[in-house]
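In what follows, a single structure is set out as structure tokens and then discussed.
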Amino acid sequence: MAMADRKSPSGIPIDPLYRPQSGGEAAGEFPFTRGVHPTMYRGRTWTMRQYAGFGTASDTNIRFRDLLSAGQTGLSVAFDLPTQMGYDSDDPVAAGEVGRVGVAIDSVDDMAELFKEIPLDKVSTSMTINSTASILLAMYVVVAEESGIERTALRGTIQNDVLKEYVARGTYIFPVDPSLRLITDTFRFIADERMSFNPISVSGYHMREAGATAPQEIAFTFANGIEYLDRARDAGLDINKVARRLSFFFASHNDLFEEAAKFRAARRLWAKIMKERYGAEDESCRLRFHTQTGGSTLTAQQPQNNIVRVAVQSLAAILGGTQSLHSNAFDEALALPSAESARLALRTQQVLAVESGTTQTVDPLGGSYYVEALTDELELRAVAMLAEIEELGGSAEAIDRGYFQDAISRAAYDHQKGLESGAIGVIGVNTFQEKEHPEPIPTPDYSRLAALQQQSLATLRDGRDAVAVDAALGKLRVGAQGTERMMPLMIDAVRARATVGEICNVLRELWGTFKPPV
């Protein structure tokens, strides 16, 4: 069906874009309030990128291939805590955590197993990894290289946003300055290699999950984005080129209209920041973002209600114009999602894309008095918070002073008081409660998974060239002490089969670790 011929189920013609008779802003035009592309989902639907990862690489590979066969259009990798924190699976610190909240990746061989029989030049891959992002990117590049795939053919995103780790999530390793050095270096590497990869996904999601309000999510995310861009500019990188590879990551919670308005306000505000602060070209002012439905909104009580919550949150993200979406599985408040619940979460997006009519016209909520007012107010509040952060000296300084942490803690406390007083209602938790006798949720045998991973690691160490590993780690140590670019050194190290833990231990010895403010 041609775009101009689209009709509602009742036969009413649907215009590509509705706006006031006098004209008004169109999608794809600065400041992009109504969308980053002129046709939005009429031209192409959002990427359906379900987040998955648990146990060993082979376990997760099975789940990836199942989701791809079900119609998923992009991969999103969850890594376990030891991988995120830079410890190998046989490190005593990793005990009890191997493979629990994501897949365990110790070496480039694990990465190869993770993507076995998946064509890396045909799918895009998002990796939720931060402190060790440059190492995991190096592994991805080497897996492609050893499969005969050019770096220029790789597409995807690494989260690589360590500033929000200091604020809300906690998987930080190194102090702020060396961490930002690694991030800037990944910017340069991806640009130099002409990879179709986003070198960072500046994340408001985890701050929102920790208790931030919608305007705080916008403001704190953009403050971090500004810090990254300032560092890139200071390193001599072209802001327009960096900005076109910048992506963002937001949460979508339960209030349908405020969430949709939040995305519209964020798009407009980011465009203004890019134009006014950096003098960026219009193309570099587009806010491109991935959305995930709210994990903190899922309830263990009456968990099937979460199916409805996820549908509402997914709808809000779509009405707000997201470019990529993960919908949570309804049982994630209880355990790792089952294959069936993960497939249902994907089907939720597919129903919205195919059956709901949301893709028929651009920005369907545009012009609503309520949504436009919310859009304006959210932007104003975010601007005020950004001014406070600027007065403190920017994001890195504000983090050192505990500004973000304190603001989010206060918002989370206010929300909790609302829940306990009943001012905020949550079905099944403090209203419409039922006596429940839930069935036990089956969980994997994590001890067995950890033992398998540790055995794999031992086999790797026995079979590799120890002299080559030591030499590569020695070069990495020298480079880290100076100003050498780190990505090529990390690629050489992982190609020699150095592990995540071994690389991080070299850097810990040189740079130390971050100490949170009291």
Side-chain angles (χ1 to χ4, degrees), residues 3 6-10 12-48 204 208 213-215 217-218 221 248 250-272 286-294 297 308-327 348-382:
M3 286 186 183
R6 293 186 185 181
K7 296 180 179 180
S8 76
S10 302
I12 300 169
I14 300 174
D15 286 342
L17 175 70
Y18 291 86
R19 51 182 161 184
Q21 294 298 320
S22 58
E25 176 198 329
E29 295 179 359
F30 183 91
F32 309 107
T33 312
R34 307 200 64 186
V36 290
H37 301 299
T39 58
M40 288 303 291
Y41 306 139
R42 288 177 64 97
R44 176 186 174 187
T45 55
W46 60 93
T47 300
M48 298 178 192
R208 186 67 182 279
T213 63
E217 182 185 4
I218 297 171
T221 305
F248 290 81
F250 293 110
S252 187
H253 280 204
N254 285 331
D255 192 296
L256 178 72
F257 297 106
E258 183 173 82
E259 293 301 296
K262 177 187 74 181
F263 300 125
R264 300 173 86 250
R267 245 190 325 269
R268 185 165 69 199
L269 177 55
W270 184 250
K272 292 177 181 177
R286 299 176 196 268
L287 177 76
R288 299 175 306 113
F289 62 91
H290 170 74
T291 307
Q292 181 173 337
T293 58
T297 69
V308 182
R309 293 185 179 101
V310 168
V312 170
Q313 294 165 7
S314 299
L315 179 59
I318 294 162
L319 292 173
T322 191
Q323 282 75 67
S324 172
L325 179 61
H326 164 88
S327 299
T348 300
Q349 292 195 45
Q350 291 168 334
V351 168
L352 289 169
V354 175
E355 300 181 22
S356 72
T358 53
T359 61
Q360 299 299 297
T361 191
V362 174
D363 188 30
L365 295 183
S368 157
Y369 295 127
Y370 179 40
V371 172
E372 297 294 354
L374 282 171
T375 302
D376 293 344
E377 185 61 27
L378 286 163
E379 181 184 2
L380 286 171
R381 294 187 180 201

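Side-chain contact between L315 and T358: present, with at least one pair of heavy atoms (C-beta onward) separated by less than 4.5 Å. A 4.5 Å side-chain heavy-atom check between Y369 and L374 finds every atom pair outside the cut-off. A 4.5 Å side-chain heavy-atom check between R6 and R42 finds at least one atom pair inside the cut-off. The closest side-chain heavy-atom distance from L256 to L319 is below 4.5 Å.
Checked by atom type and distance alone, the side chain of T361 never pairs as donor or acceptor with a backbone atom of P364 at under 3.5 Å. The backbone N or O of E258 sits less than 3.5 Å from a side-chain atom of D255, completing a donor-acceptor pair. The backbone N or O of A251 sits less than 3.5 Å from a side-chain atom of E217, completing a donor-acceptor pair. Panel note: side chain Q323, backbone G321; a donor-acceptor pair is recorded below 3.5 Å. Looking at E259, its side chain never comes within 3.5 Å of a backbone N or O of A316 through a donor-acceptor pair.
Using a cut-off of 4.0 Å between Lys/Arg side-chain N and Asp/Glu carboxylate O, D363 and R267 are scored as not salt-bridged. E379 has a carboxylate O that lies under 4.0 Å from a charged side-chain N of K272, or vice versa, which qualifies the two as a salt bridge. A salt bridge links E377 with R381: the closest approach of a Lys/Arg side-chain nitrogen to an acidic carboxylate oxygen falls below 4.0 angstrom.
In this structure, W270 has its ring center under 6.0 Å from that of F248.
Using modelled atom types and a 3.5 Å distance limit, the side chains of S314 and S327 yield a donor-acceptor pair. There is no side-chain donor-acceptor pair under 3.5 Å between Q292 and S252.
Among all heavy-atom pairs drawn from G320 and F289, the shortest one is O-CZ, 4.2 Å. In this structure, A353 and M48 approach most closely via the heavy-atom pair CB-CE, 3.7 Å. Minimum interatomic distance between L325 and A317 (heavy atoms only, all atoms of both residues): CD1-CB, 4.0 Å. Of all heavy-atom pairs spanning M40 and V362, the tightest one is CG-CG1, 3.8 Å. Looking at every heavy atom in both residues, A265 comes nearest to T375 through CB-O, 3.4 Å. When all heavy atoms are compared, the tightest approach of Y18 to R34 is O-NH1, 2.7 Å.
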Check your understanding: Checking side chain to side chain contact (heavy atoms under 4.5 Å, CB included) for the pair Y41/I318: CA distance, chi angles, key distance, verdict?
Key -> CA-CA 9 Å; Y41 306 139; I318 294 162; 3.5 Å; yes
**Study point:** Stepwise side chain to side chain contact (heavy atoms under 4.5 Å, CB included) test for H326 and H290
**Key:** CA-CA 8 Å; H326 164 88; H290 170 74; 3.9 Å; yes
Practice item. Let me see the working for R19 and E25 under salt bridge (Lys or Arg N to Asp or Glu O under 4.0 Å), right down to the final yes or no. Key: CA-CA 8 Å; R19 51 182 161 184; E25 176 198 329; over 6 Å; no
Exercise for review: Go through F263 and T291 one step at a time and tell me if the side chain to side chain contact (heavy atoms under 4.5 Å, CB included) criterion holds.
Suggested key: CA-CA 10 Å; F263 300 125; T291 307; 3.9 Å; yes
**Study point:** Worked check of side chain to side chain donor-acceptor pair (under 3.5 Å) between R264 and T33
**Key:** CA-CA 5 Å; R264 300 173 86 250; T33 312; over 6 Å; no
Exercise for review: Dump the intermediate steps for side chain to side chain contact (heavy atoms under 4.5 Å, CB included) on R268 and L378, then the final yes or no.
Suggested key: CA-CA 11 Å; R268 185 165 69 199; L378 286 163; over 6 Å; no
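Put simply, CZ on R309 and CG on N254 are 6.5 Å apart, with the number rounded to the nearest 0.5 Å. One finds the CZ atom of R44 at 14.0 Å from the OG1 atom of T359 (value rounded to the nearest 0.5 Å).
Annotation: F257, atom CZ; neighbour count of heavy atoms from other residues, nucleotides and ligands within 6.0 Å does not exceed 12.
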